[in-house]
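Okay, structure first, notes after.
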Amino acid sequence: MRLSKMYFRTLREVPSEAEIPSHIWLLRAGMIRRLVSGVYGFMPLGFRSVRKIEEIVRQEMDAKGGQEIHMSALQPAELWQESGRWYAYGPEMWRLKDRNEREFCLGPTHEEIFTDIVRNEVSSYRQLPLNLYQIQTKYRDEKRPRFGLMRSREFVMKDAYSFDRDWEGLDQSYREMYDAYERVFKRCGLVFRAVEADSGAIGGSVSHEFTALSDVGESEIAYCEHCDMAATTERALCVDDAPGTESELPMEKVVTPGTKTIEEVASFLGVGQTKTIKALLFKAYGKSEAEFEYIGVFIRGDRELNMTKLINVLDIPEHAIEFADENEMGRITGAVGGFTGPVGLHDCKVIVDSELVGQKNLVAGACETDHHIINVNYERDYRGDIVTDLKLIKAGDRCPVCGAPVKLARGIEVGQVFKLGTKYSKAMGAYYKDENMEDQLIIMGCYGIGVTRTLAAVVEQHHDENGIIWPMAVAPYHVIVTIVNVGEEAQEALAETIYKDLQKAGAEVLLDDRKERPGVKFKDADILGIPIRITVGKKAAEGVVEYKLRKDSAHSELSAQDAAAQAICYVTSELNR
RNA sequence: CGGAGUGUAGCGCAGCUUGGUAGCGCAUCUGGUUUGGGACCAGAGGGCCGAAGGUUCGAAUCCUUUCACUCCGACCA
């Protein structure tokens, strides 16, 4: 492709909408363009890279026996009502009606649709196992679209669904997808880690998230350097501190004026935050706005609540719970916010973090404004309707597997795999007949890769202060041949020769034949991040060119033939890594 | 959704406090000189100042309402 003919424009300045490197460079390289918040279009160069990722995904899916299909993004509400997710999915689902007022959504994911297809077509155990996938546009009306392709409202996703006879089959399918994912992300040039994850709105029991490590990532993982433990922080189990050994002292109400926060209470009473109880009052909805209950949650004062653990134990969708407001708090506790405690709390479900059970003589709110109670002990003074781990893991906490201190890291969630089990087959009636002509539920798994997010993650990990540095496998082109001075016949002729030779040898080549000054071309080549740069300049008459890799600063002078040969060799070796 | 901020030419911004009918850099077009890391000179085109109301002789500027966008928090591929 000749740059003089290509539809692209690099930007000299950083658009004000962009904050993080992937967003900045994809915009500046002219690869993407925003339509509205969270919705982007792909320009020729950007779309080529998207297709490269898709192709890698296809190859790895097909290698595991996956079969590609393509379902509509437009989905009827009925299927979602069958699975129960029409309500559970919440406001993130993009809903619409047709002219007859029939309800639809733009698919945020496709479990229902694939289950529906399969229940109608699969009837015998002989048709299983089955793995179907698609690469398709998904819609999620995100609360807060952010960071360009990182969190967008329209995005390209590969979603695969496995259908097995039994749990052993699912284990096998899951393992194969897991392997395929490792290959996909490795081929894309990502540094990533597979970690245990919560299954969230998708459901199921076991799940792993593939996280491309990056400081700008929105996903946080906890891992251990002494064992294999690695999990998202929302999933990671926490180890309770050892129980206190001191004897239980009698409770005593004390006056603590204006001490609303844990810090204030602890410093007012001169105790550590580990000797306090943090109280959080929530309002949780059932199936409708009218049906709700109040939930009092108690954890040790120095801990943070893990919201995911809470909604999991309550078995409600995330959008069905909110903090109680000041009026409700007053009604339930009889005090203003900041003085809620578990002792004498009525009309409210009480959920207690397991760690509190063993801790002795703690400080808690007295459910009376400006008062706390000291020497509060579990069992003797209060009990929970539910006692479970509700803590958010933090750096330095003990590893739940081996006890060593855990570390935290940030990353971009580029893929996730789930063992769904029978969640959808049961709700939607997807059965097969076994050897004895008996109906059996199909056992399902589902597997997603954020294709466009992967593109952003690649840029996030592969750039410098001058622009993108594409890994060969996802680069829009392999080589860029720059004519330093268009108009000089020797340069033009030699560049044309190299351009055609490289193309004949199978390389994807850009020829910068624009009537621009050299500086402009070099800057653009850096921004675009094409892995190999061949510069045809002053020594063209002698048949000599410069050969340089985008990732290196040094270049070498070679004959045109040698440069072309070296380029082909490098492309081949990189693609086969 | 809560909090903060911003909407002025394709992009980045100034002007707004103290109203007087819109400007700078980049980009674009023309001519010329340049040509190894985002050139220079001369000239030109391009904006219902986010939208709607209001105040005023007069509004980008003041007031009200609204929409959009970005950032910080809770959620996901």
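Here the structure is a predicted model, which means the values were calculated and not measured. Residue numbers begin at 1 in each chain, while the letters A, B, ... track the order of the sequences.
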Less than 4.0 Å between a side-chain N and a carboxylate O, is that true for [Y] and [X]?
X	Y	value
K309(A)	D198(A)	no
E55(A)	R58(A)	yes
R235(A)	E209(A)	no
D397(A)	K394(A)	yes

Distance, nearest 0.5 Å, that separates [atom1] of [X] from [atom2] of [Y]:
X	Y	atom1	atom2	answer
L106(A)	T137(A)	CG	OG1	10.5 Å
Q75(A)	L96(A)	CD	CG	10.5 Å
I56(A)	K158(A)	CD1	NZ	13.5 Å

- Heavy-atom contacts, protein to nucleotides 33-40 of chain B, under 4.0 Å, summarised as B (base), S (sugar-phosphate only) or - (none) per nt, yield -BBBBBB-

- Query: What string of B, S and - do you get for nucleotides 68-77 of chain B 5' to 3' if you count protein non-hydrogen atoms under 4.0 Å?
  - Reply: -SSBBBBBBB

Determine whether more than 12 heavy atoms belonging to other residues, nucleotides or ligands lie under 6.0 Å from atom [atom1] of [X].
X	atom1	result
E489(A)	CD	no
R95(A)	CZ	yes
K64(A)	NZ	yes

- Can you tell me how far C1' in G36(B) sits from the matching atom in C29(B), rounded to whole Å?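 Each nucleotide's C1' atom is 28 Å from the other's.
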
Would you list the protein and nucleotides 43-47 of chain B atom pairs, both N or O, that sit under 3.5 Å from each other?
none

